[in-house]
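Structure first, then comments.
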Amino acid sequence: QVQLVESGGGLVQAGDSLRLSCAASGRTFGSHTIAWFRQAPGKERELVATIKWSGRNANYADSVKGRFTISRDNAKNTVHLQMTSLKPEDTAVYYCAAGIIIGSVSDDSKYAYWGQGTQVTVSS
């Protein structure tokens with residue numbers, strides 16, 4: 001059974017940093033793209049960042065470029081999202097997702113596996 005388990009969310013102040021982790025298990029992810037999405041109250045889910053499990057290239061939403069960094073630890077089957085200079089508008093539930101993606105990585109319907117989400121709240 002494939003599982004993606006997020007951790008690391010919490011309540012922080014604007015300007016602080018957080019590191020989210022996504023622990024993957026249940027299969028190999030060699031051809032998969034791993035993504036972080038987020039959904040704020042009343043808004044649609046949006047892509048934050050992606051990384052290929054077997055590659056180096058990462059992609060970021062414009063709103064987080066220069067502040068967030070996605071990375072993976074293949075030995076631990078874990079993907080991290082390092083978030084710095086957090087803003088109140090970063091407040092959302094953050095989800096880890098995995099899928100074999102052809103075409104746009106921002107289409108969340110293409111991701112086969114999802115975690116349960118972790119809440120990030122940034123106060124001003």
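Using a 4.5 Å heavy-atom threshold, the side chains of Thr69 and Met83 count as separate. Inter-residue side-chain proximity for Leu86 and Leu18 is flagged as met; some heavy-atom pair is nearer than 4.5 Å. Using a 4.5 Å cut-off on side-chain heavy atoms (C-beta onward), Phe29 and Val2 make contact. Taking the side chain as every heavy atom from C-beta outward, Ile70 and Tyr60 approach each other to under 4.5 Å. Taking the side chain as every heavy atom from C-beta outward, Ile34 and Cys96 approach each other to under 4.5 Å. Between Thr121 and Val12 there is no side-chain heavy-atom pair separated by less than 4.5 Å.
Of all non-hydrogen atoms in Ser106 and Phe37, the two that sit nearest each other are O-CE2, 3.8 Å. Across all their heavy atoms, Ala92 and Ala40 have their closest contact at CB-N, 3.8 Å. Between Gln119 and Thr91, the closest heavy-atom pair is NE2-CG2, 4.1 Å. The nearest pair of heavy atoms linking Leu47 to Ala35 is CD1-CB, 3.9 Å. Closest non-hydrogen pair, Leu4 versus Ala24, comes out as CD2-CB, 3.6 Å. The minimum heavy-atom distance between Leu20 and Trp36, with the atom names listed, is CB-CH2, 3.7 Å.
We find that Lys65 and Asp62 are joined by a salt bridge, their nearest charged nitrogen and carboxylate oxygen being less than 4.0 Å apart.
From Ser85, atom OG reaches atom CZ of Arg67 across 7.0 Å, with rounding to the nearest 0.5 Å. To the nearest 0.5 Å, atoms CD (Gln1) and CD (Gln3) are separated by 5.5 Å. Within the model, atoms SG of Cys22 and CG of Asn77 stand 9.5 Å from one another, a figure rounded to the nearest 0.5 Å. Taking OG1 of Thr118 as the start and CG of Leu81 as the end, the distance is 11.0 Å to the nearest 0.5 Å. One finds the OG atom of Ser63 at 8.0 Å from the NZ atom of Lys87 (value rounded to the nearest 0.5 Å). To the nearest 0.5 Å, atom OG of residue Ser17 and atom CD of residue Gln82 are 6.0 Å apart.
Evaluation of the ring-ring contact (aromatic ring centres under 6.0 Å, His included) test over residues 66-95, restricted to residues two or more places apart or in two chains, returns none.
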ask   = Could you walk me through whether Tyr113 and Arg27 pass the side chain to side chain donor-acceptor pair (under 3.5 Å) check?
value = CA-CA 11 Å; Tyr113 308 110; Arg27 66 162 296 151; 3.3 Å; yes

key: side chain to side chain contact (heavy atoms under 4.5 Å, CB included) between Trp53 and Asn74, intermediate numbers included   = CA-CA 8 Å; Trp53 192 263; Asn74 288 21; 4.0 Å; yes

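A donor-acceptor pair is defined here as one N or O able to donate and one able to accept, closer than 3.5 Å; no such pair exists between the side chain of Asp107 and the backbone of Ser104. Judged by distance alone, with hydrogens and angles left aside, the side-chain atoms of Arg38 form no donor-acceptor pair with the main-chain N or O of Val93 at under 3.5 Å. Within the 3.5 Å criterion, the main-chain N or O of Gln116 finds a donor-acceptor partner in the side chain of Glu6.
Take Arg45 and apply the salt bridge (Lys or Arg N to Asp or Glu O under 4.0 Å) test, not counting sequence neighbours, and it matches Asp108.
Surrounding NZ of Lys110 are more than 12 heavy atoms belonging to other residues, nucleotides or ligands, all under 6.0 Å away.
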